[in-house]
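Quick caveat, the model's predicted, so the values are computed rather than measured.
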Amino acid sequence: MDKRNVNVNYMKATSVAFSSIFSIGDTYYAGPKSRGIAVQKEGAIFAQNDQVQFRNYDIFSRKAKWPKQKPPVQQRIHHHEPAINVELAAFTGLSSSSICQVGSIEKIYAEARLKHFRVLREDSDNEDDNENENETYNDEDKSHTNQ
Amino acid sequence: MNIEVHNWGLNVGNVGIDNIAASSIFLIGDNDEIVLSSFFDTPPEAFTIGNIVPLAP
């Protein structure tokens, strides 16, 4: 497939972080993958115990269900204009293996895996029984009650 | 399957985006094939049941 040109007059980006790509030009293949664990904790005091590992959660290892094969499509594309025109494109943040591209990408296979934790302070009534403190970040084969 | 596509012209004024995250793609241009997968696990407290902001009568 022949690709159109792209004319962008003005672009404005504030932040490009965590293996993200801001790209001008053509690409044949892009396969970004990102995985992250977000720990949000009441009180925001983080200790050794809060350093959770990817390997403990099967969301990061289970297989994604990719489409087995693409259906046969005969497509004919007619570009009646040689270019795409954009006056202004602006974004604040580009994060976690994301891509902002001005130009074509032939093939894209992207994958994201994210796990959230929310750790709340214990009730003042229960302050005596701190025994389950180490079970805050349970493995997935146990329970989800403390997550 | 047979499809015929006519790109008569594409002219855009302004695009404004807050955030592009988690292997997402913002593409100004042409593309042949795109396959995306996402796993997301969030704690049950993150979901709110019902309206938290009362709707105006």
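Ranked by heavy-atom pairs shorter than 4.5 Å toward chain B, the options A:Arg4, A:Glu87, A:His79, A:Glu111 are led by A:Arg4. Note on A:Ser15, A:Pro32, A:Ala90: by heavy-atom pairs under 4.5 Å with chain B, the leading option is A:Ala90. With chain B as partner, the option from A:Lys33, A:Gln74, A:Glu81 having the largest number of non-hydrogen pairs under 4.5 angstrom is A:Gln74. Note: B:Val12 leads B:Leu27, B:Leu36, B:Val12 in heavy-atom pairs under 4.5 Å with chain A. Note: A:Ile84 leads A:Ile84, A:Val6, A:Leu120 in heavy-atom pairs under 4.5 Å with chain B. Of the residues considered (B:Gly9, B:Gly29, B:Ser38, B:Ser37), B:Ser37 shows the highest number of contacts with chain A, using heavy-atom pairs under 4.5 Å. With chain B as partner, the option from A:Ser98, A:Ser96, A:Ser104, A:Gly36 having the largest number of non-hydrogen pairs under 4.5 angstrom is A:Ser98. Looking only at heavy-atom pairs under 4.5 Å with chain B, the residue among A:Asp2, A:Leu94, A:Val102 that has the most is A:Leu94.
Ring planes of A:His78 and B:His6: parallel class, angle under 30° (limits at 30 and 60°). The aromatic rings of B:Trp8 and A:His80 lie parallel to each other, their planes meeting at an angle below 30°, with 60° marking the opposite boundary.
Within the 4.5 angstrom heavy-atom criterion, no atom of A:Ala30 approaches chain B. Residue A:Lys65: no heavy atom, backbone or side chain, is found under 4.5 Å from chain B. Proximity to chain B is absent for every atom of A:Pro71, based on heavy atoms less than 4.5 angstrom apart.
Looking at A:Arg76, its side chain never comes within 3.5 Å of a backbone N or O of B:Asn2 through a donor-acceptor pair.
Each of A:Asn9, A:Asn7, A:Asn5 was checked for a side chain to side chain donor-acceptor pair (under 3.5 Å) with A:Asn85, and the lone residue meeting it is A:Asn7.
By the rule that hydrophobic residues join a cluster once side-chain heavy atoms approach within less than 4.5 Å of another member, A:Phe18 and A:Phe60 end up as members of separate clusters.
A cation-pi arrangement is not found for A:Lys107 relative to A:Tyr109, the charged atom failing to lie both closer than 6.0 Å to the ring centre and inside a 45° cone about the ring normal.
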Could you give me the CA-CA distance, side-chain angles and deciding distance for A:Gln101 and A:Ser23, then say whether side chain to side chain donor-acceptor pair (under 3.5 Å) is met? CA-CA 5 Å; A:Gln101 172 129 342; A:Ser23 152; 2.9 Å; yes
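A distance of 8.5 Å separates CZ in A:Arg62 from CZ in A:Arg113, rounded to the nearest 0.5 Å.
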